[in-house]
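The next block holds one structure in the form of structure tokens; read it before the comments.
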Amino acid sequence: MRRTRILTAVLALTAGLLSGAPTALAADPPAPKLAADTYTWKNARIDGGGFVPGIVFNRSEKNLAYTRTDIGGAYRWQESSKTWTPLLDSVGWDDWGHTGVVSIASDSVDPNRVYAAVGTYTNSWDPKNGAVMRSNDRGASWQKANLPFKLGGNMPGRGMGERLAVDPNRNSVLYLGAPSGKGLWRSTDSGAGWAQVANFPNVGNYAQDPSDTSGYASDNQGIVWVTFDESTGTAGSATKTIYVGVADKDNAVYRSTDAGATWQRLAGQPTGHLAHKGVLDAKNGYLYLAYSDKGGPYDGGKGRLWRYATGTGTWTDISPVAEADTSYGFSGLTVDRRKPGTVMATAYSAWWPDTQIFRSTDSGATWSKAWDYTSYPNRENRYTMDVSSSPWLTWGANPQPPEQTPKLGWMTEALEIDPFNSDRMMYGTGATVYGTENLTNWDGGGTFAIRPMVRGLEETAVNDLASPPSGAPLLSALGDIGGFRHTDLTKVPSMMFTQPNFTTTTSLDFAESNPNTVVRTGNLDSGPHIAFSTDNGANWFAGTDPSGVSGGGTVASAADGTRFVWSPEGAGVHHASGFGTSWQASSGIPAGAIVESDRVDAKTFYGFKSGKFYVSTDGGATFKESPASGLPGGDSVRFKALPGGKGDVWLAGGAADGAYGLWHSTDGGTSFTKLSNVEQADTIGFGKAAPGASYQTLYTSAKIGGVRGVFRSTDKGASWTRINDDAHQWGWTGAAITGDPRVYGRVYVSTNGRGVLYGDSSGGGTTDPGPGPDPTPTGACKVTYKITSQWSGGFQADVQLTNTGTAPWTGWSLAWTFADGQKLTQAWNAEAGQSGSTVTAKNVAWNANVAAGSSVSFGFTASRSDTNAKPAAFKLGEQTCAVA
């Protein structure tokens with residue numbers, strides 16, 4: 001999304017990543033032999049969730065394509081399954097910055113070769129330099145060439161490019177455009193070694209905000225793209241003509257006609273804008289350029305499209321609209337390699353009412369738009385959108401025209417037509433990858449169909465995780481898209497948390513003895529920063545803020561859900577009885593403290609700030625500082641109380657230049673004992689006890705025995721087993737971890753850009769609780785069927801089933817018939833299926849029992865045609881229900 005993606009990463013870093021990263025400064029103890037377990041790792045499916053700034057198709061092999069993300073690695077397209085495969089999961093803790101990909105290049109001479117320029121920040125937030133990763137097996141394995149400067153996959157300008165390019169005639173030659181005034185770099189040995197092109201005349205001069213003292217927005221965006229003219233070389237000989245884009249509004253494009261020996265500013269070029277992209281149609285001799293007045297990916301108020309004739313040196317303004325009519329810049333740019341003269345571009349920074357995509361079939365002489373107004377505010381689209389595979393892309397919104405949901409997109413800096421298929425196009429947004437496979441319908445006046453093409457690409461930054469003992473197995477707090485309730489880890493949830501919809505959720509908790517009560521806090525430009533649920537996170541309502549709140553902070557629920565303690569940004573720690581309608585300041589604890597609750601005693605809460613532990617025994621009204629000493633001095637700490645164990649607290653965190661590790665208290669935080677066998681630890685979580693064990697399983701992201709990884713202990717920390725491996729490291733995993741209280745061995749791991757990973761042991765254990773046998777309920781019933789949102793071709797509905805009889809149900813099965821051809825696509829809080837026009841929804845394990853007078857709710861998404869009548873009748877087994 002817009003700003004929070006940067007903030008999520010920065011908060012994660014300042015909360016402990018930088019202090020914990022330079023582990024080499026500490027002497028490692030002798031490494032004991034570590035036990036290991038083989039785990040199967042998968043993502044809890046969200047599908048997308050972050051900015052995709054680059055898509056690259058190989059020019060010589062059909063169906064070979066790659067994407068890059070700003071903080072979540074790179075991916076390769078799998079045509080057989082229409083999914084993306086992650087390629088940089090092997091990046092480890094110490095090299096976490098190398099999960100940010102500023103550019104990717106696929107070798108058209110040898111399609112097995114692929115290159116990625118990696119590094120997340122060019123300022124102090126990332127302590128390490130960037131690198132160029134090279135692979136000769138399409139990203140299955142990598143070698144690394146470290147660079148003497150930093151790269152910025154999550155910096156301003158990251159949607160420009162591609163900065164990395166392979167010579168299409170002599171593929172041992174590569175060029176890389178560097179930021180920060182470091183110039184243009186070249187490799188002549190297939191990416192193994194790099195040297196600066198000393199005679200390149202311009203290192204760039206544009207910075208988003210030169211006054212930014214953090215170094216983030218003030219960095220020179222540098223050399224932003226490299227494009228070869230393949231027609232000026234022969235196989236085995238270096239390409240002679242090379243174009244380079246520079247972040248300089250007066251001198252944006254340079255060219256070499258002697259294979260990089262000399263360089264000249266391209267004569268006659270336009271000034272006043274930055275050239276985001278330079279795409280060459282070598283067959284027709286045109287270099288197309290997309291310009292914006294800003295570097296993106298968020299900003300940009302004016303822009304132009306230009307065409308440069310490589311043979312004559314003629315410049316032509318081919319912009320589809322007059323500059324006075326733009327409120328956006330251009331960036332996404334592609335040509336159809338099979339149909340010379342077809343070119344497309346995006347208005348990447350058109351936030352409202354929507355992005356725009358332009359298409360020309362005559363080399364930019366005339367253009368048509370993906371949508372246009374009929375009579376304002378009404379608009380007509382050349383496309384249809386089906387987001388049933390990722391229904392949360394509607395954001396649960398109901399906007400007024402001319403805005404629509406789902407949006408065509410935003411931050412649309414990546415746009416590519418498949419070089420082997422004129423009908424296939426993909427483009428990246430701030431949340432997903434969209435695509436079409438009937439693009440040429442556009443040219444005949446018909447509509448083309450857009451849908452997410454993102455499965456397998458998981459790009460959320462995770463701030464907190466919870467796995468309640470009943471209800472949904474996973475609740476998540478995420479950057480940018482708020483968070484989700486997963487009732488099935490293998491399916492995309494229908495919607496993120498809404499009412500309110502936080503841009504970033506910073507913390508969440510549930511009542512241990514009443515898991516239907518859930519609380520979350522987060523960031524929002526305007527509105528409340530706290531929300532509550534009484535149905536295990538399925539539905540939410542907003543709380544109220546104490547005065548001065550500016551951000552979510554951390555929150556804790558009492559064990560029974562009767563009270564809450566909140567430590568928001570901008571205000572001190574507060575407590576409330578009930579659902580946060582009247583907050584009172586807590587005493588004895590500093591502002592900004594991390595807060596948690598005892599999981600047994602409903603009046604006991606804990607806090608931590610700057611090396612001090614705090615305890616409240618009166619529901620958060622007053623805290624007292626614990627006499628415990630020797631704890632980490634900073635605030636890079638996560639701690640949790642053990643479910644079922646009063647006063648049993650585990651604390652992880654620290655920094656390499658001070659106390660760092662894992663501590664345990666059995667007296668409610670009065671004293672802590674440091675585990676001697678854990679060198680460093682950053683998270684702590686609990687899961688179902690191992691067979692035969694009485695104490696819950698511990699999970700941590702830690703350094704144990706000299707090895708960084710994810711670890712499990714089934715004996716209260718006496719011994720540890722590494723459960724990930726070198727191929728599954730995911731960069732930084734220091735925000736949150738939790739086991740599953742219902743499935744032994746299952747663990748949920750947070751990442752900073754690769755979503756929520758969950759692992760299951762090959763050693764087995766108990767399995768997921770599933771639905772029971774087909775229920776045969778009896779007695780009276782009532783159904784409320786509500787369509788909550790609709791979009792072109794689909795809709796979402798909620799169903800409430802009430803037991804109006806006198807006897808409880810121990811299971812239920814509800815059936816109805818669709819009258820207008822609707823087809824079920826997904827359901828939550830129920831096992832649902834469709835045969836013909838008949839839908840049957842059955843209980844899942846946790847909502848089988850429905851007392852007399854009580855209700856159970858579930859929801860679903862379905863496809864639809866123009867009409868969408870509600871079902872006329874519902875049957876509970878053989879009993880016809882009343883319809884509300």
Side-chain angles (χ1 to χ4, degrees), residues 464-477 482-487 493 495-500 502 505-522 528-545 552-568 573-584 595-606 616 618-621 640-644 646 685-686 736 738 740-742 798 800 828-829 844-847 849-851 854-859:
D464 204 358
L465 296 169
S467 183
S470 62
L474 178 66
L475 305 174
S476 58
F484 290 90
R485 178 179 188 262
H486 270 89
T487 58
M495 194 56 57
M496 70 276 287
F497 299 141
T498 58
Q499 297 178 327
F502 298 143
T505 300
T506 57
S507 178
L508 61 82
D509 196 14
F510 63 90
E512 190 68 42
S513 61
N514 181 19
N516 279 337
T517 297
V518 188
V519 60
R520 61 185 168 95
T521 57
H529 294 80
I530 190 165
F532 300 90
S533 173
T534 57
D535 58 5
N536 193 243
N539 297 282
W540 296 86
F541 56 93
T544 58
D545 289 0
T554 58
V555 69
S557 168
D560 62 0
T562 59
R563 65 190 74 235
F564 303 89
V565 172
W566 184 17
S567 178
V573 178
H574 285 70
H575 68 283
S577 296
F579 294 112
T581 57
S582 180
W583 294 96
Q584 294 179 295
V595 294
E596 296 282 357
S597 65
D598 193 88
R599 310 311 281 181
V600 176
D601 187 339
K603 289 190 175 181
T604 297
F605 290 84
Y606 305 108
S616 171
D618 58 5
K640 289 184 179 180
L642 186 80
K646 180 180 179 180
F686 315 107
T738 185
D740 192 309
R742 291 171 277 184
D798 288 342
Q800 183 183 69
W828 53 97
N829 299 340
V844 290
W846 61 269
N847 65 4
N849 299 321
V850 185
S854 297
S855 300
V856 64
S857 297
F858 62 92

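These numbers were taken from a predicted model, which means no experiment stands behind them. Quick note: numbers below take in every heavy atom, side chains included, and nothing from hydrogens, waters or symmetry partners.
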TODO: Taking all heavy atoms of D740 and all of P473, pick out the closest pair and write down the distance.
DONE: OD2-CB, 4.0 Å
Open item on the list: Filter on side-chain hydrogen bond (donor to acceptor under 3.5 Å, both in side chains), then keep only pairs touching residues 552-566, sequence neighbours left out; what's left?
Closed with: D560-T562
- [ ] Taking all non-hydrogen atoms of both residues into account, name the closest pair between F510 and P468 and its distance.
- [x] CZ-CA, 3.6 Å
Task: For V856, all residues meeting side-chain contact (heavy atoms from CB on, under 4.5 Å), sequence neighbours excluded - done: L801, W812, N847, V850
- [ ] Find out whether P568 and D545 are in side-chain contact, i.e. whether some heavy atom of one side chain is under 4.5 Å from a heavy atom of the other.
- [x] no
- [ ] Spell out, as yes or no, whether a donor-acceptor pair under 3.5 Å connects the side chain of W583 to the backbone of T544.
- [x] yes
TODO: Identify the two heavy atoms, one from W540 and one from T498, that lie closest to each other, and give their separation to 0.1 Å.
DONE: CB-O, 3.3 Å
Open item on the list: Measuring from atom CZ of F564 to atom OG of S597, what distance do you get when rounded to the nearest 0.5 angstrom?
Closed with: 10.0 Å
Task: A531 versus Q499, closest heavy-atom pair with distance - done: CB-O, 4.4 Å
Task: Least distance between heavy atoms, F497 atom then L508 atom - done: CE1-CD2, 4.3 Å
Task: Distance (rounded to the nearest 0.5 Å) between H575 NE2 and S616 OG - done: 8.0 Å
TODO: Could I get the full list of side-chain hydrogen bond (donor to acceptor under 3.5 Å, both in side chains) partners for H574, not counting sequence neighbours?
DONE: none
Task: Any residue meeting side-chain hydrogen bond (donor to acceptor under 3.5 Å, both in side chains) with T738, in chain and number order, not counting sequence neighbours - done: none
TODO: Report yes if the side chains of R520 and P500 come closer than 4.5 Å at any heavy-atom pair, otherwise no.
DONE: yes
Open item on the list: Ignoring hydrogens, what is the shortest heavy-atom contact between P469 and P515? Give both atom names and the distance.
Closed with: CG-CG, 3.7 Å
Open item on the list: I'd like to know if R599 pairs up with D509 as an ion pair, taking the criterion as any Lys NZ or Arg NE/NH1/NH2 lying under 4.0 Å from an Asp or Glu carboxylate oxygen.
Closed with: yes
Open item on the list: When you measure from the side chain of S507 to the backbone of T521, do you find a donor-acceptor pair of N or O atoms at a distance under 3.5 Å?
Closed with: no
Task: Nearest-0.5 Å distance that lies between atom CZ in F484 and atom CG in L475 - done: 12.5 Å
TODO: Report the residues that fulfil salt bridge (Lys or Arg N to Asp or Glu O under 4.0 Å) with D601, sequence neighbours left out, ordered by chain and then residue number.
DONE: K646
Open item on the list: Applying side-chain contact (heavy atoms from CB on, under 4.5 Å) to Y606 and D598, what does each step give before you reach the verdict?
Closed with: CA-CA 7 Å; Y606 305 108; D598 193 88; 2.6 Å; yes
TODO: Under the side-chain contact (heavy atoms from CB on, under 4.5 Å) rule, collect the residues that match up with A736, sequence neighbours excluded.
DONE: D464, L465, S750
Task: Side-chain touch T534/F579, heavy atoms, less than 4.5 angstrom - done: yes
